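What you see is a predicted model; the values in this text were computed from it and never measured. Order of the sequence lines sets the chain letters (A, B, ...), proteins ahead of strands, with each chain counted from 1. Worth knowing before you read on, the calculation uses all heavy atoms, side chains too, and leaves out hydrogens, waters and symmetry mates.
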Number of protein chains: 2
Amino acid sequence: MKPQPASTVTIRDVAQAAGVHVSTVSRALNPDKRGLISAEVLKVVEEAARKLGYRPNRAASALRTGRTHTIGVLVPDITNPVFPPILQGIEASAAARGYFVFVTNVVDPTLARPIVERMLAQRVDGLVLAIATRDDPLVDYIAKAGMQAVLVNRADESGRLPAVVSDDRLAMKLAVDHLVSLGHRRIGHLAGPQNVPTGVGRRQGVEQALRDRGLELACVEACEGYSREAGRVAMQKLLEGHERPEAVVCCNDLVALGAYDVLRAHGIRVPQDISITGHNDMPLVDMVNPPLTTIRLPHRELGWRAAEMLFEGIEGRVLSSFTVVLRPELVVRESTRDLAGEP
Amino acid sequence: MKPQPASTVTIRDVAQAAGVHVSTVSRALNPDKRGLISAEVLKVVEEAARKLGYRPNRAASALRTGRTHTIGVLVPDITNPVFPPILQGIEASAAARGYFVFVTNVVDPTLARPIVERMLAQRVDGLVLAIATRDDPLVDYIAKAGMQAVLVNRADESGRLPAVVSDDRLAMKLAVDHLVSLGHRRIGHLAGPQNVPTGVGRRQGVEQALRDRGLELACVEACEGYSREAGRVAMQKLLEGHERPEAVVCCNDLVALGAYDVLRAHGIRVPQDISITGHNDMPLVDMVNPPLTTIRLPHRELGWRAAEMLFEGIEGRVLSSFTVVLRPELVVRESTRDLAGEP
DNA sequence: TTGAAAGCGCTAACAA
DNA sequence: TTGTTAGCGCTTTCAA
């Protein structure tokens, strides 16, 4: 049987060409052990390896050492513009350390478990979880399996897994404070799904920020998901079930755009008749009509930091901090109106 | 040395628990060889494997068989909304076959080569290349290394690698025909970079479509890249260097939005003063002001088909077709005006 | 500083 | 139908 193409150069070929033992080659080519090798031998080996185009077989090394130099990432939907920058951050960190990243799109949350199991079989060195379902038995499973893992964009309430998140409460406080400063009082909320941490966190953030200003949430509807369609449905319900608010804080940009759709259909103008805020500052929301006032998150850094934490864990260092909270920032555009200004 | 955590269950443990030989376990757990095993033994083995939580070590299997069940994808910029759906298509196809996908972000084209080399070391079973630089010595390298690879969103002019592409010429013909049918005659083009196949292909498409209608390209500027910023620069140049066209066909949506920026700054209204078309139908271009008339590509299918072709190649089947060309489709919105209609 | 030898977990050719 | 055996390419302990 000949599984590898004949062209494949192994460590044995290099050893032979260099006139040394394979173990010497192994040492010479391992940065950590290079010191054990005499300068001349080192040179000969490197020369031979170069000339033969030797490329260590990672599968063999993985089998021997148990380390694959590979991590897995679970994302709910790559197509959601929140995730590409996160992925980019993760990949940049991984690439800098010579790791590869398996990206999986977890369409259905129930698929997460089998995917993690396959990752386990693949012997990934660690996992970044960007999927957002709450109270996951998955966390249990991962913790029990002794896998290295970091959550991103979502904290682990059980405190067993490190996480990198954006400060959702602060984000909503920024939005609410902005609206209040513009003179708005009757403020509603289009909340995220209440079974994911960001959904409840942001809702609580809105409520708290309002309370801090001596106000109450005028009305609220929870969306089925973080999509434009879900935003449409929720906004429709909000209009039907409640007195119309002066402003609506939306759990994310897509939902805000869904709200735009419904408002336009009803002839309600943004921001003249109602102010709207989003969350994420996804690409092109500065180009929509009207340009959306929203909250910008450091998505790329979220991913980068998560990966860095993961590698700390993989390399056995003590994690410098268990939950990293990054700061969001308000981006004011034209979907919010100053009630004190001209009408 | 103990590389694996003690908890790891190997095929030996299963064999022992089931009271059979390891090779029997191997066969029993391999769908292709299950037939060789008696029903009783099969049951015992499966039971033992289940009870012990056995999970075959892919690294070991990879070392033995030379197959890693892993493919690599090279993407220029995950953040560009064209790529997530492509990636999704690839990943869906891979997941269905039990493969994992390494995603790499090739920021700088010169990094592609080292990445491919690392993929080679990782012994990926194949590669999908979504990077678009032309006349790549990379193709040479891949072909020589005997790697399985498929290009997506870009054809290989040398014809050595299979590819899945969208019909760029047809896309531009769709745009031009639409504009001509609206009464436009002085039509310009904001072209893509002329060192990538899509850039030249689309430009030729525009020219050809115009010629078919007995017209000539009124003016053209090539962009430095497929970004909004590049679109701004090119549109600025177009305005400065030429008589203003009635319509401009843009090489992609981002460039069209850059054109919007410049036109707005000059007080030129779209579509009243000039019509604009894009390409890609990226998310939210239906929400910008004015909603962009553009060309929709089957991005997800592009990725899916590329992956399916790759797997055909990996499994040694003859490729059913070498270059797959998918059809784009015109999406008419409000950035193009009928000159015959009311002004 | 280098070599010898064992073995990571799995698969497959061959034998029974 | 099952077992025996060898070995994929590499790393690492032990010995020299």
Side-chain angles (χ1 to χ4, degrees), chain A residues 1-45 48-49 52-69 120-123 125, chain B residues 1-45 48-49 52-69 120-123 125:
Chain A
M1 204 221 32
K2 186 163 274 170
Q4 300 293 332
S7 66
T8 309
V9 178
T10 77
I11 198 171
R12 252 218 272 302
D13 302 319
V14 178
Q16 201 149 37
V20 297
H21 195 263
V22 287
S23 59
T24 305
V25 175
S26 173
R27 284 186 276 253
L29 266 28
N30 177 342
D32 293 347
K33 312 242 163 129
R34 216 197 291 297
L36 303 174
I37 302 292
S38 71
E40 317 154 68
V41 174
L42 189 62
K43 191 175 262 173
V44 179
V45 171
L52 295 175
Y54 171 66
R55 206 141 275 296
N57 182 329
R58 284 255 177 134
S61 146
L63 177 57
R64 181 66 233 247
T65 63
R67 295 276 306 276
T68 54
H69 293 272
L120 213 55
Q122 195 78 39
R123 298 301 193 269
D125 293 335
Chain B
M1 204 218 33
K2 185 165 276 169
Q4 301 292 332
S7 66
T8 308
V9 179
T10 77
I11 199 172
R12 254 218 272 302
D13 302 319
V14 178
Q16 201 149 37
V20 298
H21 194 266
V22 290
S23 61
T24 307
V25 176
S26 173
R27 284 187 277 253
L29 266 28
N30 177 343
D32 293 346
K33 312 241 163 131
R34 216 198 290 298
L36 304 175
I37 301 292
S38 71
E40 318 154 68
V41 174
L42 189 62
K43 190 176 262 175
V44 178
V45 170
L52 295 175
Y54 171 67
R55 204 140 277 299
N57 183 329
R58 285 255 178 134
S61 150
L63 177 56
R64 182 66 235 248
T65 63
R67 295 277 306 276
T68 54
H69 292 272
L120 214 55
Q122 195 78 39
R123 298 301 193 268
D125 293 335

Query raised in the report: Closer than 4.0 Å, any side-chain N/O of Arg12(B) to the OP1 or OP2 of dC8(C)?
Result: yes
Query - Rounded distance in Å - CG (Asn57(B)) to C1' (dG9(C)) - result: 6 Å
Query - Spacing between Leu42(A) atom CG and dT2(C) atom C1', to the nearest angstrom - result: 13 Å
Query - For Asp125(A), all residues meeting salt bridge (charged side-chain N to carboxylate O under 4.0 Å, His left out), sequence neighbours excluded - result: Arg67(A)
**Report entry** Nearest-angstrom distance from the residue atom NZ of Lys33(A) to P of dG3(C)
**Finding:** 16 Å
Report task. Using side-chain contact (heavy atoms from CB on, under 4.5 Å) as the criterion, list what pairs up with Ala18(B), not counting sequence neighbours. Result -> Val20(B), Val44(B), Val45(B), Ala48(B)
Query - Spacing between Asp13(B) atom CG and dC10(C) atom P, to the nearest angstrom - result: 9 Å
Query raised in the report: Would you say dT2(C) has OP1 or OP2 under 4.0 Å from some side-chain N or O of Ser38(A)?
Result: yes
Report summary line: Between CD1 of Ile11(B) and C1' of dC8(C) the distance, given in whole Å, is 14 Å
Report task. Rounded to the nearest angstrom, tell me the gap between atom CZ in Arg34(A) and atom C1' in dT1(C). Result -> 16 Å
Distance-only criterion, 3.5 Å: show the donor-acceptor pairs between side-chain atoms of residues 24-35 of chain A and protein atoms not counting sequence neighbours.
| residue | atom | partner | partner atom | Å |
| --- | --- | --- | --- | --- |
| Arg27(A) | NH2 | Ser23(A) | OG | 3.2 |
| Asn30(A) | OD1 | Asp32(A) | N | 2.8 |
| Arg34(A) | NH1 | Ala28(A) | O | 2.7 |

Report task. Please lay out, stage by stage, how Gln122(A) and Thr68(A) fare under the test side-chain contact (heavy atoms from CB on, under 4.5 Å). Result -> CA-CA 8 Å; Gln122(A) 195 78 39; Thr68(A) 54; over 6 Å; no
Query - Residue among Thr8(B), Asp13(B), Val9(B) satisfying side-chain contact (heavy atoms from CB on, under 4.5 Å) with Tyr54(B) - result: Val9(B)
Requested in this report: Identify, residue by residue, the members of residues 18-30 of chain B with a heavy atom below 4.0 Å from DNA chain C, and return them in order of residue number, or none.
Outcome: Ser23(B), Ser26(B), Arg27(B)
Report summary line: Here the distance between atom C1' of dC8(C) and atom CG of Leu63(A), to the nearest Å, is 4 Å
Query raised in the report: In terms of side-chain heavy atoms of Tyr54(A), which of dC10(D), dT2(C), dT12(D) is nearest?
Result: dC10(D)
Report task. Would you mind reading off the distance between Leu36(A) atom CG and dT12(D) atom P, rounded to a whole angstrom? Result -> 12 Å
Query raised in the report: Listed by chain and number, what are the side-chain contact (heavy atoms from CB on, under 4.5 Å) partners of Ser61(A), not counting sequence neighbours?
Result: Thr65(A)
**Report entry** Gap between atom NE2 of His21(B) and atom CZ of Arg12(B) - 0.5 Å precision
**Finding:** 9.0 Å
